[in-house]
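Order of the sequence lines sets the chain letters (A, B, ...), proteins ahead of strands, with each chain counted from 1.
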Number of protein chains: 2
Amino acid sequence: MSQLFSPEAISTARASGKRLRIGELAKATGVTVETLRYYEHQGLLTAPARGDNGYRYYSPENLERVHFILRAKAVGFTLKDIEELLSLEVQRESHTCQEVKDMAEAKLAEIEQRMSELARMREALSTLTDACCGGPMSAEHCTILSALAEGEVHAEHHHHSPDMEALAQKRDSHSSGC
Amino acid sequence: MSQLFSPEAISTARASGKRLRIGELAKATGVTVETLRYYEHQGLLTAPARGDNGYRYYSPENLERVHFILRAKAVGFTLKDIEELLSLEVQRESHTCQEVKDMAEAKLAEIEQRMSELARMREALSTLTDACCGGPMSAEHCTILSALAEGEVHAEHHHHSPDMEALAQKRDSHSSGC
DNA sequence: CTCAACCCTAAAGTCAACAACAAGGTTGAG
DNA sequence: CTCAACCTTGTTGTTGACTTTAGGGTTGAG
């Protein structure tokens with residue numbers, strides 16, 4: 001490994017400025033170098049200092065910004081959201097808490113929306129799997145396939161109707177489901 | 001395919017034999033005509049009969065298949081999954097219940113995976129929003145931005161550490177958070 | 001006959017968030 | 001010097017599920 005860089009080779013040699021090359025920053029943050037260049041291209045990272053060789057040399061501030069991005073991603077923000085969050089972050093004084101909280105709450109609502117959609121799917125799917133024997137015999141009378149084919153799937157948005165009953169009846173009445 | 005052994009099963013099973021043009025099928029199923037053509041292109045819909053004008057004329061079986069696809073989508077299957085499901089559906093006898101149930105359970109696991117990921121995000125986000133006043137004053141000391149900037153976000157996979165404590169302390173100690 | 005509302009095909013564009021590739025320059029160890 | 005391992009730019013490809021575009025034919029009412 002070649003950890004040897006020239007700390008003072010950069011024009012503005014700051015005392016505390018431990019500058020990282022892109023591969024080092026990548027390793028330090030757990031993302032790929034392509035991702036870092038992509039973030040820069042997208043305007044999420046400000047263009048870092050360059051050496052005479054054209055290499056990017058990242059400051060600790062750049063490192064912090066990458067961490068900011070990753071944390072924001074981890075709680076569900078998109079890169080586009082993060083661009084907005086960063087514009088709030090870099091000029092905190094000229095923005096309000098409300099703006100920030102609004103974004104967080106909007107994202108929260110979005111996440112809860114997606115969760116309830118998934119919960120709906122999970123309910124429907126578990127009803128289906130519960131009704132299916134899963135045995136090694138022919139799928140000719142498989143309740144899952146029949147439910148998908150004949151419209152007994154309890155998965156439409158609102159409209160929680162006698163779907164499950166219909167499915168349950170299938171099991172009882174025919175005694176053939178799966 | 002059911003059409004293999006049923007050039008007349010169609011006419012016998014359903015005396016109606018009402019064939020729809022693509023726009024009618026679209027209206028009947030709630031998808032766009034482009035989507036229907038796309039499904040056909042992807043092999044999810046078998047090529048329907050054509051008139052002398054080149055128009056597609058869909059049979060009731062075609063309609064049923066679209067419904068199958070939509071129901072499968074509604075419970076979380078991808079189009080690729082559905083292609084597989086359809087191959088099971090079309091030749092049920094040569095497949096087992098187990099195959100079908102395995103697919104459903106795999107999808108269920110996938111959905112639960114995504115749900116727990118979302119739940120993790122929701123926890124982190126609601127902790128953040130709870131800690132933020134959301135008021136109209138400067139975001140200078142906004143706890144949300146600070147948490148994102150300083151790494152107090154409780155959102156990494158496992159590793160549930162004193163993150164929330166750190167966040168809570170921020171509120172108490174500084175008395176400035178937001 | 002005209003005109004809107006249908007229908008057709010093939011190909012390209014969209015979104016997000018990168019990954020991969022081509023074609024090179026730089027660095028440092030051996 | 002070579003060689004691997006870095007770094008550079010710009011372009012294109014990936015995934016999924018469509019949507020849009022371009023450039024046409026068909027149908028039926030007025």
Side-chain angles (χ1 to χ4, degrees), chain A residues 1-10 19-45 47-58 62 66 69-86 107 110-111 114 117 121, chain B residues 19-45 47-58 62 66 69-86 107 110-111 114 117 121:
Chain A
M1 282 303 248
S2 51
Q3 291 279 35
L4 287 181
F5 44 83
S6 38
E8 311 302 314
I10 320 299
R19 284 164 183 267
L20 306 170
R21 287 183 315 200
I22 196 166
E24 295 169 324
L25 181 59
K27 217 159 266 174
T29 56
V31 304
T32 69
V33 300
E34 290 81 16
T35 297
L36 291 173
R37 284 193 281 248
Y38 173 71
Y39 285 171
E40 182 181 336
H41 187 71
Q42 295 302 109
L44 295 178
L45 296 179
R50 297 287 186 133
D52 290 344
N53 47 18
Y55 288 12
R56 291 171 178 83
Y57 287 96
Y58 292 94
N62 293 140
V66 176
I69 293 169
L70 295 180
R71 281 180 212 115
K73 261 173 65 74
V75 298
F77 288 107
T78 67
L79 296 190
K80 203 161 179 299
D81 295 330
I82 295 171
E83 206 180 327
E84 205 174 333
L85 277 176
L86 281 168
K107 186 57 58 179
E110 194 184 312
I111 283 171
R114 276 157 56 200
E117 170 80 359
M121 291 178 178
Chain B
R19 282 161 185 270
L20 306 168
R21 285 183 313 192
I22 196 167
E24 296 169 323
L25 182 59
K27 217 159 267 173
T29 55
V31 305
T32 69
V33 301
E34 290 81 15
T35 298
L36 290 173
R37 283 194 282 249
Y38 172 70
Y39 286 171
E40 182 181 335
H41 188 71
Q42 296 301 110
L44 294 177
L45 297 179
R50 296 288 186 131
D52 290 345
N53 47 21
Y55 287 14
R56 291 170 178 85
Y57 287 98
Y58 292 94
N62 293 139
V66 176
I69 293 168
L70 296 180
R71 282 180 212 116
K73 262 174 63 73
V75 298
F77 288 107
T78 66
L79 296 191
K80 203 159 179 299
D81 295 331
I82 295 172
E83 207 179 327
E84 204 175 333
L85 278 175
L86 280 169
K107 186 56 58 177
E110 196 185 311
I111 284 171
R114 276 155 56 198
E117 170 80 1
M121 290 179 178

Quiz prompt | Whole-Å gap separating P (C/dA19) and CG (A/Leu36) | solution = 10 Å
Practice problem: May I have the distance from A/Arg19 (atom CZ) to D/dC7 (atom C1'), rounded to whole angstrom? | Solution: 17 Å
Self-check item: Nucleotide forming a Watson-Crick or wobble pair with D/dG30, both distances under 3.5 Å
Solution: C/dC1
Quiz item: Thinking salt bridges, do B/Glu110 and B/Lys107 make one under a 4.0 Å N-O criterion?
Solution: yes
Practice problem: Report which part of the nucleic acid B/Tyr57 touches: base, sugar-phosphate, or nothing (heavy-atom distance under 4.0 Å, all strands). | Solution: nothing
Quiz item: Taking all non-hydrogen atoms of both residues, which atom of A/Leu25 and which atom of A/Val66 are closest, and how far apart?
Solution: CD2-CG2, 4.1 Å
Quiz item: Does a nitrogen or oxygen in the side chain of B/Arg37 sit under 4.0 Å from OP1 or OP2 of C/dT9?
Solution: no
Quiz item: With respect to the side chain of A/Tyr55, which nucleotide from D/dC7, D/dT20, C/dA20 is positioned closest?
Solution: D/dC7
Quiz item: Tell me: CD of B/Gln42 to P of D/dG16, nearest whole Å?
Solution: 10 Å
Quiz item: Counting only side-chain N and O atoms of B/Thr32, is one of them less than 4.0 Å from OP1 or OP2 of D/dC18?
Solution: no
Quiz item: Does C/dA17 have OP1 or OP2 sitting under 4.0 Å from an N or O in the side chain of A/Thr35?
Solution: no
Quiz item: Do the side chain of B/Tyr38 and the base of D/dG16 come within less than 3.5 angstrom through a donor-acceptor pair of N or O atoms?
Solution: no
Quiz item: Can you tell me how far C1' of D/dC7 sits from OH of A/Tyr58, to the nearest Å?
Solution: 11 Å
Quiz item: Which heavy atom of B/Ala26 sits nearest a heavy atom of B/Leu36, and at what distance?
Solution: N-CD1, 3.6 Å
Exercise. Round to a whole Å and report the spacing from CD1 of B/Ile82 to C1' of D/dC18.
Key: 13 Å
Quiz prompt | Short side-chain N/O contact from A/Asn53 to OP1 or OP2 of D/dT8, under 4.0 Å | solution = no
Quiz item: To the nearest 0.5 Å, how far apart are CG in B/Leu79 and NZ in B/Lys73?
Solution: 5.5 Å
Quiz prompt | Between C/dC7 (P) and B/Asp52 (CG): distance, integer Å | solution = 17 Å
Quiz item: Is there a side-chain polar atom (N or O) of B/Arg56 under 4.0 Å from OP1 or OP2 of C/dT9?
Solution: yes
Quiz item: Which heavy atom of A/Ile69 sits nearest a heavy atom of A/Tyr39, and at what distance?
Solution: CG2-CE1, 3.9 Å
Practice problem: Check B/Tyr57 against B/Pro48 and note the closest heavy-atom contact, atom names and distance. | Solution: O-CB, 3.7 Å
Exercise. Rounded off to whole Å, could you give me the CG-to-C1' distance for the B/Leu79 and D/dT15 pair?
Key: 12 Å
Quiz item: Taking for each residue the nucleotide of DNA chain C with the nearest heavy atom, is it B/His41 or B/Lys27 whose nucleotide lies nearer the 5' end?
Solution: B/Lys27
Practice problem: With a 3.5 angstrom cut-off on both distances, give the Watson-Crick or G-U wobble partner of C/dA10, or none if there isn't one. | Solution: D/dT21
Quiz item: According to a strict under-4.0 Å criterion, is A/Lys73 in side-chain N/O contact with OP1 or OP2 of C/dA16?
Solution: no
Quiz item: Expressed in angstrom and rounded to an integer, what is the separation of A/Lys80 atom NZ from C/dA16 atom P?
Solution: 7 Å
Quiz prompt | First of A/Gly23 and B/Arg21 reached from the 5' end of DNA chain D, by closest nucleotide | solution = A/Gly23
